[in-house]
Amino acid sequence: MNKRHELGASQRWVIKFGSSLVTKEGCGLNHPAIEDWMRQVALFKEQQRKVALVSSGAVAEGMNRLGWIRRPDSLHDLQAAAAVGQMGLVRAYEMALSHHGHHSAQILLTHEGLTDRARYLNARTTLRTLLDLGVIPVVNENDTVSTQELQLGDNDTLAALVANLIEADLMVILTDQSGLFDKDPNVDTNARLIEEAWIDDPALDGYAGQGQGRLGRGGMRTKIEAARIAARSGTHCLIANGAEPDILRRIAEGEACGTLLAPRDEPLSARRQWIAGLLRGDGCLHVDAGAERALRAGKSLLPVGVTEVGGAFLPGDVVRVLTEQGREIARGIVNYAADDARRIRGHRSEELDTILGVVGEPELIHRDNLCPLWETVDS
């Protein structure tokens, strides 16, 4: 499983910088650190690599500019701090990269932008176009317009979704820890660094703590969950200490830094990555045992196998596919609105034009738009 040299030489990276690194513990941005990281990123660009950056620090920088000591709890205060801090954060990366002759671009994403199919594809195309142009995207969540219900939650998750968008080879999460340990290294001096592991190893959840920093939103648990999201596109994840000298260069040279989490399975198609990565669905379809067997065999979902339709949805929305017992086995992009799906459920495809009065798609969900989840259900 040791692929460090191969990954170090890979061409498409996502690098995430945590709040504790980007800021000086709440005392403004750590400009020397940002300058040093961008010096290393500039070396990657000379090697024709494509690098996207995901940076925390907007809220922390805003807190510093506003004179706040503690991270606020209310959403509107967080949004205000992010709006103020984003100005300084983006300028810091822009100035650091411009010293090496490279252009940067600010990309602000929201949950809606990654769950709506059209917006997802637009974000994907924009990011890939910037990378093809040699521009380095600096990505952050659009905190100023996100609502409490729609927040992505943390920039570890955002980095993983960006990795899915650009089909990155490697996602590097730089934090203030040397990687994942089997015990809390701040408490137990015998704690052992986990150098490499399969991302589906259940032991990882036991190693991860629940803690989070004063400035950030995520702990080691969110990094493991992010690695699992990134693994859907075949992306490896490396968690390392961003304060170590020349950390990015050393990773690129294949040095055994931090914790490498590797996906065991083959990458899903880009469309299926998006379906699997959705944080919510718009409705559900209950299927009988025959339809479940057909889906497991790689077939499309036909109306005849649907026993019940739940929720409200439109053509092109993502719905959950449930067994008659209510277990979710798949998600997919549906061809019909909920009302029409209720009318045609249980009917054969050749009957649909008579029932609906128009000739439509024979499938409720085509197999190319279906993401199986039964591996998770069966485990």
Side-chain angles (χ1 to χ4, degrees), residues 1-4 7 10 12-16 18 52 54 56 109 111 114-115 120 124 139 141 151-175 177 179-182 193-212 216-240 251 258-281 318 320 327-331 370-379:
M1 189 186 67
N2 191 338
K3 298 182 63 177
R4 289 183 183 262
L7 289 170
S10 62
R12 198 177 293 259
W13 287 30
V14 172
I15 306 172
K16 184 262 181 177
V54 176
S56 300
L109 298 175
H111 179 284
L114 295 175
T115 56
Y120 167 88
R124 184 171 182 259
V139 186
E141 183 178 358
Q151 282 182 320
L152 290 166
D154 60 82
N155 277 341
D156 296 324
T157 302
L158 179 59
L161 294 173
V162 172
N164 287 161
L165 280 169
I166 69 170
E167 297 180 10
D169 302 302
L170 179 65
M171 175 176 71
V172 178
I173 297 180
L174 294 184
T175 182
Q177 300 293 323
L180 175 65
F181 288 81
D182 62 348
L193 177 69
I194 307 300
E195 294 186 0
E196 296 186 7
W198 297 112
I199 190 55
D200 59 359
D201 186 346
L204 297 180
D205 296 304
Y207 300 149
Q210 294 280 6
Q212 67 178 33
R217 279 187 281 186
M220 196 59 69
R221 185 172 299 277
T222 69
K223 292 167 177 53
I224 292 174
E225 289 304 318
R228 287 174 175 152
I229 293 172
R232 291 172 179 155
S233 55
T235 303
H236 288 67
C237 175
L238 182 62
I239 304 170
I251 292 171
T259 299
L260 178 64
L261 300 176
R264 196 187 298 270
D265 300 324
E266 292 296 319
L268 297 174
S269 69
R271 182 180 292 255
R272 288 183 175 182
Q273 294 164 24
W274 172 71
I275 298 169
L278 285 178
L279 305 181
R280 57 186 171 88
V318 170
R320 295 174 296 132
R327 293 179 300 123
E328 184 178 4
I329 58 171
R331 293 181 189 178
L370 193 72
C371 177
L373 301 176
W374 44 76
E375 291 88 352
T376 302
V377 172
D378 295 340
S379 62

Is Lys3 paired with Glu196 through a side-chain N to carboxylate O contact shorter than 4.0 Å?
no
Would you check if Gln177 and Ile239 make a side-chain contact, meaning some heavy-atom pair closer than 4.5 Å?
no
What is the distance from atom OG of Ser233 to atom CZ of Arg12, rounded to the nearest 0.5 Å?
11.0 Å
I'd like to check Asp156 versus Lys16 (side-chain heavy atoms, cut-off strictly below 4.5 Å). Are they in contact?
yes
Heavy atoms only: give me the nearest Asp201-Ala203 pair and the separation to one decimal.
OD1-N, 2.9 Å
Mind checking whether Leu238 and Arg4 have side chains closer than 4.5 Å, heavy atoms only?
yes
Go through the steps for Asp205 and Arg228 under the test salt bridge (Lys or Arg N to Asp or Glu O under 4.0 Å), then give the verdict.
CA-CA 12 Å; Asp205 296 304; Arg228 287 174 175 152; 3.0 Å; yes
What's the shortest heavy-atom distance between Tyr120 and Asn164, and which atoms?
OH-O, 4.4 Å
Taking side chain as C-beta onward, heavy atoms only, is Leu180 less than 4.5 Å from Met220?
yes
To the nearest 0.5 Å, how far apart are CD1 in Ile199 and CD1 in Ile224?
6.5 Å
Does Thr235 reach the main-chain N or O of Met171 with its side chain, forming a donor-acceptor pair under 3.5 Å?
no
Which is it for Leu373 and Arg320 under the side-chain contact (heavy atoms from CB on, under 4.5 Å) test, yes or no, and what are the steps along the way?
CA-CA 10 Å; Leu373 301 176; Arg320 295 174 296 132; over 6 Å; no
Counting only N and O atoms by type, is there a donor-acceptor contact under 3.5 Å from the side chain of Thr259 to the main-chain atoms of Ile194?
yes
Quick check: closest heavy atoms across Cys237 and Ala227, and the distance to 0.1 Å?
CB-CB, 3.7 Å
Indicate yes or no for a side-chain donor-acceptor contact from Asp182 to the backbone of Tyr207 under 3.5 Å, with no hydrogens or angles considered.
no
Between Pro263 and Ala231 the two heavy atoms that sit nearest each other are CB-CB, 3.6 Å
Could you walk me through whether Leu109 and Leu165 pass the side-chain contact (heavy atoms from CB on, under 4.5 Å) test, one step at a time?
CA-CA 12 Å; Leu109 298 175; Leu165 280 169; 4.3 Å; yes
At their closest point, which heavy atom of Leu260 faces which heavy atom of Leu7, and how far apart are they?
CD1-CD1, 3.8 Å
For Leu193 versus Gly258, what's the shortest heavy-atom pair and its separation?
CD2-O, 4.0 Å
Using side-chain heavy atoms (C-beta onward) and a distance below 4.5 Å, is Val139 in contact with Val14?
no
